[in-house]
Amino acid sequence: MTESTVVPAEPAGPAAPAAVIVLAAGAGTRMKSKTPKILHPIGGRSMIGHALTAAAGLNPGELVAVVRHQRDLVADHILSLSEALGTTPVIADQDEMPGTGRAVQCGLEALTAAATPAPDAGPAAPVDGFGTVVVTYGDVPLLTTELLAELVATHEADGNAVTVLTALLADPTGYGRILREADGTVAGIVEHKDATAEQRAVNEVNSGIYAFDGDMLATALAEVTTDNAQGEMYLTDVLQIARAAGGRVAAVTTTDQWQVEGANDRVQLQALGAEMNRRTLQRHMRAGTSIQDPATTWIDSTVTLEPDTTILPNTHLQGATHLSEDSVVGPDTTLVDTTVGIGATVTRTQATGAVIGDRAAVGPFTYLRPGTVLGEQGKIGAFYETKNAIIGRGSKLSHLGYAGDAEIGEYTNIGCGNITANYDGVNKHRTVIGNHVRTSSNTVFIAPVTVGDGAYTGAGAVVRKDVPAGALALTVAPQRNSEGWVEDRRPGSPAADAAAQARVGHATSNPPQPDAGA
Ligand code: UD1
Ligand code: CA
């Protein structure tokens, strides 16, 4: 080491623009849906949720969403995402004037209003300079923070007035086309409906995603008219206006077309959803998850997986689901908001809001409902349903039953076919079962009821009263056999014949045939 050792500079983080304005005022009629287009789910979030998540990743000074169609529904949804986004978006209302230019103008107005202190809050600070303003759409769900950061970095490094994100498409029909000078300089954008045949032959399209110098943007928008084929205020007109004012206008061209593709109908939404899933699965596989059959595995973008997890075919992981190291999930399993512990196995299971402990086993054919907490090395087996059930370490509910509103201690074995009768027709009640309890087949616990540590129950017990620690609870009447009843009361039946033969000891040499008429 010498004194001249240079400490490497921190790698540049994503550029932080002054604002990102996400346009979300459109009606989205091609979805043919009562639900606003941008509220449709894809990969575990709404479309607008993805757009805002990508935008928030830039850490903008303000995150603005421009709304109009089904305004309240959309605004409420956007505000409900604040916590997950780490910022409260500014809601900007677009008025009746249509067009992307008007939408951005409304967004800027809301920004100015948000930045201006109330009259009684002391001397009003002038809003001097917006800095970089990014514009994106609410219906472009695969756009990443990384691509936006690249756009902003180029925009700022080159001192541009406008930097537009473009893509080369085999079929550019419907998109605005990028017009360039002979030297390649971006001259402007012409909308498909306004374009000449020659302009329509251009296959470089406007993604609708831009970085702007905010002050230039505000000034230029004041000059934008509705003098075009659609009678709208086009945001795209800002490029020519900026250029005429001496600003630099440039493009960043992406080769990843999926990132700029919008969903206008349900066919496009499905295609984007499949591609999003493919990307999510690849990200997890590269980070250490084995996925046997990507074609039948669907993982929401909100799911978290630790390395050395294994996912078997036809598995759906949704919401806030988390898989810990060495866990194996699937096949044929759907987990929603469920946590799976280290080394646990979950087979052919449907679970929502459950916590499965380390090295625990669930399935096959098991239904875990919200509030199920299974302890370390616990087991919930075939054809079991649980709800609000806290099950201690090493306890087993192996076969055929229901445990609801229950608390079960450690190392307890619940026999086959046990039921917690938690509902009296009016109210729900709790069943509390202690540690090291052994319950026999078909025990029914009539809640509220408590079973002490180390207690046993007999087969078919209907437990209405508390069972003290260490007691055996029997509720079924002693068995009484009425000898000879069948030969007496069912003479000549196959059962009576079998009984008669058994009595004389020939049952195995000449078994009776089933009654043909039965
Ligand atoms: C726009 C661009 C076009 C580009 C295309 C990319 C303009 C004039 N044209 O065309 O160059 O190739 O996007 O998809 O900008 N929106 C509002 N308020 C409005 C109108 C639209 O918020 O008044 C929102 C929509 O909800 C949508 C986005 O802006 O998210 C784009 O609107 P859309 O009508 O689809 O624009 P295009 O005509 O396709
Ligand atoms: Ca569009």
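Just the heavy atoms: all of them, side chains too, but no hydrogens, waters or symmetry mates, feed the values below. Numbers here simply count residues along the sequence, with the first being 1. The structure displayed is predicted, hence computed values, not measured ones. Order of listing sets the numbers, starting from 1, for every ligand and every atom in it.
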J.: Please say which of R30, M47, H69 ends up in a side chain to side chain contact (heavy atoms under 4.5 Å, CB included) with K37.
T.: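 Answer to the side chain to side chain contact (heavy atoms under 4.5 Å, CB included) test with K37 among R30, M47, H69: M47.
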J.: Checking T334 against Q318: is there a side-chain donor and acceptor pair closer than 3.5 Å?
T.: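 Per modelled atom types, Q318 and T334 side chains form no pair under 3.5 Å.
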J.: Output the list of atoms in ligand 1 that are nearer than 4.0 Å to some heavy atom of T236, sorted by atom number.
T.: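 Listed by number with element: 7 (C), 8 (C), 11 (O), 15 (O).
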J.: Short question: side chain of H192, backbone of G174 - any donor-acceptor pair under 3.5 Å?
T.: yes
J.: Answer yes if the side chains of H322 and T304 hold a donor-acceptor pair under 3.5 Å, and no otherwise.
T.: yes
J.: Verify whether one side chain among T166 and T253 offers a donor that lies under 3.5 Å from an acceptor in the other.
T.: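 A donor-acceptor contact under 3.5 Å links the two side chains.
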J.: Does Y175, backbone or side chain, put an N or O under 3.5 Å from an N or O of ligand 1?
T.: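 No: no nitrogen or oxygen of Y175 is under 3.5 Å from one in ligand 1.
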J.: Have a look at I209 and tell me which of L147, L165, V252 forms a side chain to side chain contact (heavy atoms under 4.5 Å, CB included) with it.
T.: L165
J.: Decide whether an N or O pair under 3.5 Å exists between V66 and ligand 1.
T.: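 It does not: no N or O of V66 is found under 3.5 Å from an N or O of ligand 1.
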J.: Pick one of side chain, backbone, both or neither for how R102 approaches ligand 1, counting any non-hydrogen atom pair under 4.0 Å.
T.: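 The answer is neither; R102 stays 4.0 Å or more away.
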J.: Can you confirm, on distance only, whether ligand 1 has an N/O atom lying under 3.5 Å from any N/O atom belonging to Y234?
T.: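 No; the residue has no nitrogen or oxygen that sits under 3.5 Å from a nitrogen or oxygen of the ligand.
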J.: Run the numbers for me: atoms of ligand 1, each under 4.0 Å from some heavy atom of A24, listed by number.
T.: 22 (O)
J.: Hey, does A25 come in under 3.5 Å of ligand 1, counting only N/O atoms on both sides?
T.: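 Yes.
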J.: What atoms of ligand 1 come within less than 4.0 Å of a heavy atom belonging to D139?
T.: 30 (O)
J.: Nearest non-hydrogen contact with atom 21 (C) of ligand 1 belongs to which option: V238, N228, T100?
T.: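 Of the listed residues, T100 has the closest heavy atom.
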J.: Regarding T289 and H284, do their side chains bring together a donor and an acceptor under 3.5 Å, going by distance alone?
T.: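 No - no donor-acceptor pair under 3.5 Å links their side chains.
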J.: Taking all non-hydrogen atoms of both residues into account, name the closest pair between D405 and K428 and its distance.
T.: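 So the minimum-distance heavy-atom pair works out to OD2-CB, 3.7 Å.
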J.: Taking distance alone, with N or O pairs closer than 3.5 Å, would you say N264 contacts ligand 1?
T.: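 N/O-N/O distance below 3.5 Å does not exist for this pair.
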J.: Where does E232 meet ligand 1, judged by heavy-atom distances below 4.0 Å: at the side chain, the backbone, both, or neither?
T.: neither
J.: Are any of the N/O atoms in N206 less than 3.5 Å from those in ligand 1?
T.: yes
J.: Considering the heavy atoms of P98, write down every atom of ligand 1 situated less than 4.0 Å from one of them.
T.: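 By the 4.0 Å cutoff, the relevant atoms are 23 (O).
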J.: Between G99 and ligand 1, is there a nitrogen or oxygen pair with a distance under 3.5 Å?
T.: yes
J.: Is it the case that T254 and D256 place a side-chain donor and acceptor less than 3.5 Å from each other?
T.: no
J.: Between E181 and R243, does any NZ, NE, NH1 or NH2 come within less than 4.0 Å of an OD or OE carboxylate oxygen?
T.: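 Salt bridge: yes.
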J.: Hey, which atoms in ligand 1 end up nearer than 4.0 Å to a heavy atom of G176?
T.: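 Once the distances to G176 are compared, the set is 3 (C), 4 (C), 11 (O), 12 (O).
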J.: Closer than 4.0 Å to some heavy atom of S207 - which atoms of ligand 1 meet that?
T.: 6 (C)
J.: Under 4.0 Å from any heavy atom of A103, which atoms of ligand 1 are there?
T.: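 The list of qualifying atoms is 17 (C), 18 (N), 22 (O).
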J.: Any ion pair linking R369 and E385 (charged N to carboxylate O, less than 4.0 Å)?
T.: yes
